[in-house]
Structures are given as C-alpha cells and as structure tokens.
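Atoms considered below: every heavy atom in the structure, side chains included; atoms not considered: hydrogens, waters and symmetry mates. Both counts, for ligands and for their atoms, begin at 1 and track the order of listing.
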Amino acid sequence: MTNQYVSELTNTAKMMMSEGKGILAMDESNGTCNRRFEKLGIATTEENRRAYRELILTAPNLSDYISGAILYDETIRQSTKDGVSFIKVMQEAGMIPGIKVDTGAKDYAGHPGEKVTEGLDGLRDRIAEYYKMGARFAKWRAVITIGNLIPSDGCIEANAHGLARYAALCQEGGLVPIVEPEVLINGDHSIERCYEVTQSTLHEVFRQLYVQGVAYDQMNLKPSMVISGDNCSSQADVEQVATETIRCLLNTVPPAVPGIAFLSGGQSKERSSAHLNYMNANLRSKLPWRVTFSYARAIQQPALDHWSCKAEKVAEAQKILVQRAKLNSAASVGNYSEEMEKQPVLV
Ligand code: 13P
C-alpha cells in the first residue's frame, strides 16, 4: 500500500532540518512543567502554563532560528489571551507544529532502575486528531539509564520496539516521527561507557525501525550526545564529546535520515551550544545529515528564570529566549563562539 503522505512527510522532515534552524522542545508534561515552576515559586496552574507558552510562541523573530516547536497535549489546545490558537500563531510565524505523543517512561517490569515508554494504545486515533488540528510532526522519548549492570538488552529492545511502532503509526497518519532514544547523562560512568550504550541503543533502534517498515527519509533522530556521566570524576572536553558523538552516529545512523537534532539532557546552556558548534565547525565534511538542536532546558531555562510569572518581564524574557535560539542557530552552522555569550541581551 502506498502512503498518501509520502511527499508531505519527506518535505516536512527536510523543512524541520532547514539550514540555520533547530527545533524548540516545549512539550514538558504538566508534571515536568509544574516541577520547573515550583522551583521558581510559580503557581502550578493551567493559566500559568498557558501564559508561559504564549510568551515562547509569540517571541519576536523566534522563527528566524526555529523551524518547528514540539507541544504537549494541553498546549496544542490552547490559545493566546486574545484568543488566537497556538497552532495558528505558529503557522503564521512559519514554525511547524509538533506534538509529544508518548505517555511517559514507566517502570520496566522485572528490571529495577529501568524504564519503558508507553503510549501505543489509541495512538492511531490521537495521531489523526493532531494531524487534523495542524500538527505535522511528533515526538516519542525513550529513556535508557546507565548504571551497574544496566541497561539490560531487554530494556533497549523494548524501548526500540516502542519507538519503531510509534514511528510507523506516525508515518501512516502523516506526522514525521522524531525518534528520541535518550541515554541519560546521570551517573558516574565514563564517556567510553556512554559511547558503548549509545551505540548499542542506536543499532537496536534502527534495526527495529527497519523491521517495522519505517521510512528513514521521512523521520528525524533526536539523540543524546556521547558524554561523560554528570558525576564522573573525569569530564571529557568539548572536542572529545563532539568527535565521539559523531563517530557513534556515523556508525549507526543511515545517511537517508534527513537530520539529527540533539536534546540537551541536562548539559549547561553554554556546553550544549559549544558541542553542537564543534560538530558543525570541525566535522561537517563527514556528516551525511544535517546536525542541529532540539533543546528544551538549554534554550528555555534562562527565559523562564527571568520571567518567573511576572507580566512586566515578558518582553525581556522573550529577548533572552530568542538570544539562546540565535546562539544555537549559529552553533548549528559552526558560527558560534564563547565571545557571543558576552553580548548584552537586554539593552
Ligand atoms: P532537554 O533539552 O531539556 O533535554 O529536553 C529535550 C527534550 O525534548 C527531552 O525529551
């Protein structure tokens, strides 16, 4: 059976990866968004989540640096205070609406310390609804934890299978799947161990994608970087993280995939930019895919901190947000430098 969406999927997958742009992740579940609000003393109400997402989506010039943004189920149904739907705001600004469709990483039966991502039940119908609303791509995040004797083969296989089933359903329903296997940064493991685990995970993910008939040229990959655990006593430098990450991806990701957009995964905002920049400034001739960002915290956090739910801070917070998007846009073409971090943003 031919898929009626092939040309649209191929086109959308490429547009998501437009030169000089990246994807903004703003699909925090209510639980995650509320935890970030609580740290700043912001009341965890639906209206505050809406107001914060309005701040992001209406930030002037954001679409110069952002090709698409990933929304959460609550957010995709919301509107600005003037009643314009967020989907419309995005469409008018030229940003492609995306939607998180997994229902979260749950404890993996019989495997203490490991998670498996859920959300396949009813997914075909949810995809149809999101497509009708205007979404054109989706995301599903699987989580792999490094620890003593973990990850198990079972955990990698179950998560890869879920990602592949999700991706096939997305392509059937006209949404480009972002396939996100996140190897967590948490732990005292070395960068070498992270390399091994990331490589095994990506091999299994692409094997399962193949088995489930997913078209590689109609999806995008959102991996974590190959990096030292956050509690490892010896931290790999920018060059090592960038070169090991690209070596691992070259060994596992088919060149037909249009692009790779990293998650930030708890790295500092400066490191997230520096790593991406090194890959594009120094390793570009080796790359068969576009390599860019799909950060949440590394773009949003300074703006969220500044806003802290104060109406009079919205315009400044938007400038801070767009500045981070701009620096990562520069990193996505190898033009970022540490000096740029010193540019005054609020003048
Ligand atoms: P971070 O960049 O904060 O890791 O978030 C990206 C993301 O979408 C995680 O699923």
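Here K115 does not pair with E182 in a salt bridge; the nearest charged N to carboxylate O distance is not below 4.0 Å.
Put simply, the side chain of K222 gets close to the backbone of S294: a donor and an acceptor are under 3.5 Å apart. Not one N or O on the side chain of T145 forms a donor-acceptor pair closer than 3.5 Å with the backbone of E114. The backbone N or O of V6 lies less than 3.5 Å from a partner atom in the side chain of T10, making a donor-acceptor pair. Although no hydrogens or angles enter the test, the distance criterion places a donor-acceptor pair under 3.5 Å between the side chain of Q171 and the main chain of Q218.
Enumerated by chain and number, the residues approaching ligand 1 to less than 4.0 Å through a heavy atom are A25, D27, K139, R141, E180, K222, L263, S264, G265, S294, Y295, A296, R297.
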- Any chance you could lay out the side-chain contact (heavy atoms from CB on, under 4.5 Å) test for L304 and L55, step after step, and finish with the verdict? CA-CA 10 Å; L304 175 60; L55 177 163; over 6 Å; no

